[in-house]
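Here's the structure we're looking at; comments come further down.
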Amino acid sequence: MTAKQDKTLTSSGFYVSQEAPIHTDNPIPTPSAPAPDILRCAYMELVVTDLERSRNFYVDVLGLTVTEEDENTVYLRSIEEFIHHNLVLRKGPVAAVAAFSYRVRSPEELDKAVAFYTELGCRVERRADGFTKGIGESVRVEDPLGFPYEFFYDVEHVERLAWRYDLYTPGALVRLDHFNQVTPDVPRAVAFMQDLGFRVTEDIQDDEGTVYAAWMRRKPTVHDTAMTGGDGPRMHHVAFSTHEKHNILAICDKLGALRMSDRIERGPGRHGVSNAFYLYLRDPDGHRVEIYTQDYYTGDPDNPVVTWDVHDNQRRDWWGNPVVPSWYTEASLVLDLDGNPQPVVARTDASEMAVTIGADGFSYTRPGEGEESMPEWKKGEYKLGHQL
């Protein structure tokens with residue numbers, strides 16, 4: 001529910017405040033041990049069922065660089081990366097996420113990670129030689145929300161390809177930007193991530209105080225991860241950045257030329273939340289990948305938090321285009337440290353899809369006019385059964 005804090009309505013239609021106006025009645029206890037100092041999201045380990053098909057999608061279609069590979073695993077990185085990989089594709093029986101991996105500021109932060117999660121009663125595993133090639137000593141945990149997290153510092157450096165313009169493609173992916181996680185109780189997740197040192201940059205709420213999603217960062221951009229309300233724990237998407245929006249358009253053209261337009265789930269478009277230009281794709285296993293560019297700097301200590309009304313039809317797409325239902329309902333399983341899928345818990349709070357595009361949902365463009373600000377021919381786009 002929403003804490004009572006001063007908020008200022010902007011001419012762009014959203015509210016800003018100095019602190020995330022989110023409160024939970026069911027917090028995870030705050031450890032007395034300090035949290036590890038996280039620098040950024042660094043890589044994701046994906047389990048895929050057909051390694052060859054997945055390699056084709058991420059390498060031949062999206063243009064990620066192969067750092068190393070064997071018969072069961074492919075290690076990939078983006079153009080500007082200097083650590084061994086940003087994405088691991090590992091062959092397995094069930095498509096899922098094995099690790100959301102973060103780099104920390106120093107080797108000593110691994111001790112903090114162990115103490116922090118041990119105090120919470122979480123399962124913790126530490127390996128001196130790491131869990132994947134190219135990554136040194138690492139700690140993996142099953143966090144209180146059910147997600148598999150990894151923390152590491154030591155890495156194998158590889159060539160940063162930023163100057164290798166002969167290798168650039170029109171849709172070059174330059175950085176890993178963020179993760180997005182699906183969880184039933186967003187305020188509870190936000191409070192825990194704040195204990196871990198994350199800061200909220202944007203969120204979506206309604207007048208009753210229901211929180212539908214929140215964006216949180218460690219590096220000075222809009223987010224390193226987001227918590228999206230839904231049945232979870234699951235992975236909503238992993239996102240890679242391009243330099244410009246024309247790179248995203250080039251990816252769309254390439255997918256069309258390859259007769260792979262069915263890989264495009266949503267977009268291209270511009271988000272209201274984050275202000276970024278976006279495209280959502282689905283890989284051969286259905287894992288969702290966002291291509292993302294042009295968000296904004298958030299590194300100042302007094303960076304304002306942006307709160308969107310869930311009924312504002314420009315929050316998810318600044319141009320007012322509707323969100324396809326699969327984007328709200330489908331997501332990837334996550335694994336425990338033994339490689340078994342974590343059980344999925346249903347969300348009991350209102351769902352964003354139900355209150356905006358469900359049978360009784362509504363959206364608006366101008367809040368003062370409410371639902372009547374949507375022309376009749378536009379309203380149909382936002383109702384289930386009207387989307388062709």
Side-chain angles (χ1 to χ4, degrees), residues 22 24 26-29 31 35 38 41-48 87-88 90 92-102 113 116-117 120-125 131 139-151 178-198 200 203-204 210-216 218 223-239 280 282-283 285-290 326-353:
I22 296 173
T24 178
N26 182 33
I28 295 164
I38 296 169
C41 62
Y43 81 86
M44 176 173 282
E45 182 180 342
L46 278 182
V47 179
V48 299
L87 185 67
V88 178
R90 178 165 59 79
V94 178
V97 177
F100 300 80
S101 189
Y102 289 93
F116 183 87
Y117 283 97
L120 287 167
C122 297
R123 182 176 172 188
V124 178
E125 186 174 340
F131 293 82
V139 172
R140 284 195 177 184
V141 304
E142 295 173 13
D143 86 350
L145 304 172
F147 293 100
Y149 269 26
E150 178 182 274
F151 304 96
H178 63 264
F179 308 135
N180 189 305
Q181 302 166 241
V182 184
T183 188
D185 188 336
V186 175
R188 187 169 190 258
V190 168
F192 175 67
M193 296 301 285
Q194 288 173 320
D195 284 345
L196 198 54
F198 284 76
V200 176
D203 60 47
I204 296 175
T210 303
V211 183
Y212 296 87
W215 286 255
M216 290 160 289
R218 286 295 300 172
H223 55 319
D224 285 272
T225 197
M227 292 293 174
T228 295
D231 301 347
R234 294 184 296 166
M235 185 274 286
H236 192 272
H237 64 264
V238 59
Y280 291 97
R282 301 291 283 271
D283 80 0
D285 280 294
H287 295 307
R288 185 179 288 109
V289 181
E290 183 182 16
S326 63
W327 194 89
Y328 285 122
T329 60
E330 298 180 11
S332 298
L333 295 172
V334 301
L335 303 179
D336 64 20
L337 296 188
D338 293 320
N340 301 311
Q342 290 278 32
V344 175
V345 177
R347 176 175 169 88
T348 56
D349 289 338
S351 76
E352 187 174 348
M353 187 178 80

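FYI, the numbering just counts along the sequence from 1.
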Please examine the side chains of [Y] and [X], heavy atoms only from C-beta on, and report whether any two atoms are closer than 4.5 Å.
X      : Y      : answer
Pro341 : Val334 : no
Glu142 : Gln342 : yes
His287 : Val238 : no
Ile28  : Leu145 : yes
Arg123 : Asp338 : yes
Asp143 : Tyr117 : yes
Arg282 : Ser326 : yes

Q.
Check for me whether Arg218 meets the cation-pi criterion with Tyr102, that is, NZ or CZ under 6.0 Å from the six-membered ring centre and within 45 degrees of the ring axis.
A.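 No, a cation-pi geometry is absent between Arg218 and Tyr102.
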
Q.
Checking Val94 against Val47 for the side chain to side chain contact (heavy atoms under 4.5 Å, CB included) test, could you report, in this order, the C-alpha distance in whole Å, the side-chain angles of both residues, the deciding distance, and whether it holds?
A. CA-CA 7 Å; Val94 178; Val47 179; 5.9 Å; no

Can you see which heavy atom on [X] is nearest to which on [Y], and at what distance?
X      : Y      : answer
Ala95  : Leu333 : O-CB, 4.2 Å
Arg188 : Pro27  : NE-C, 4.4 Å
Phe198 : Thr225 : CE2-CG2, 4.2 Å
Leu120 : Pro29  : CD2-O, 3.2 Å
Ala346 : Pro184 : O-CB, 3.9 Å
Cys41  : Phe179 : CB-CE1, 3.6 Å

Q. Parallel, tilted or perpendicular for Phe147 and Tyr149, by the 30°/60° rule?
A.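 It falls in the tilted class, 30° to 60°.
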
Q | Parallel, tilted or perpendicular, as decided by the 30° and 60° cut-offs, for the rings of Phe116 and Phe192 | A |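 Geometry flag for Phe116 against Phe192: tilted rings.
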
Q.
Between Phe100 and Met44, does the side chain to side chain contact (heavy atoms under 4.5 Å, CB included) criterion hold? Intermediate values first, please.
A. CA-CA 5 Å; Phe100 300 80; Met44 176 173 282; 3.6 Å; yes

**Q.** Any donor-acceptor N/O pair, Arg288 side chain to Glu330 backbone, under 3.5 Å
**A.**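 Answer holds: yes.
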
Q: Would you sort out whether Val186 and Tyr212 count as a side chain to side chain contact (heavy atoms under 4.5 Å, CB included), showing the intermediate values?
A: CA-CA 7 Å; Val186 175; Tyr212 296 87; over 6 Å; no

Could you give the side-chain donor-acceptor pairs of residues 227-235 under 3.5 Å, partners two or more places apart or in another chain?
{"from": "Thr228", "atom 1": "OG1", "to": "Asn180", "atom 2": "OD1", "distance (Å)": "2.8"}
{"from": "Thr228", "atom 1": "OG1", "to": "Asn180", "atom 2": "ND2", "distance (Å)": "3.4"}
{"from": "Asp231", "atom 1": "OD1", "to": "Arg347", "atom 2": "N", "distance (Å)": "2.9"}
{"from": "Arg234", "atom 1": "NE", "to": "Asp231", "atom 2": "O", "distance (Å)": "2.6"}
{"from": "Arg234", "atom 1": "NH1", "to": "Thr329", "atom 2": "O", "distance (Å)": "3.2"}
{"from": "Arg234", "atom 1": "NH2", "to": "Asp231", "atom 2": "O", "distance (Å)": "3.2"}
{"from": "Arg234", "atom 1": "NH2", "to": "Thr329", "atom 2": "O", "distance (Å)": "3.4"}

Q.
To the closest 0.5 Å, what do you measure between CG (Leu196) and CD1 (Ile38)?
A.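 With rounding to 0.5 Å, CG (Leu196) is 4.0 Å from CD1 (Ile38).
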
**Q.** Point-to-point distance, once rounded to the nearest 0.5 Å, from CZ of Phe131 to CD of Glu45
**A.**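 Phe131 CZ to Glu45 CD: 9.5 Å, rounded to 0.5 Å.
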
Q: Could you give me the CA-CA distance, side-chain angles and deciding distance for His236 and Glu290, then say whether side chain to side chain contact (heavy atoms under 4.5 Å, CB included) is met?
A: CA-CA 10 Å; His236 192 272; Glu290 183 182 16; over 6 Å; no

(Q) Restricting to side chain to side chain donor-acceptor pair (under 3.5 Å), what partner residues turn up for Tyr328, sequence neighbours left out? (A)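 With neighbours one apart ignored, the set is Arg315, Glu352.
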
**Q.** Partner of Trp215 under side-chain contact (heavy atoms from CB on, under 4.5 Å), chosen from Val190, Asp224, Ile204, Val200
**A.**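 For Trp215, the side-chain contact (heavy atoms from CB on, under 4.5 Å) test succeeds with only one of Val190, Asp224, Ile204, Val200, which is Ile204.
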
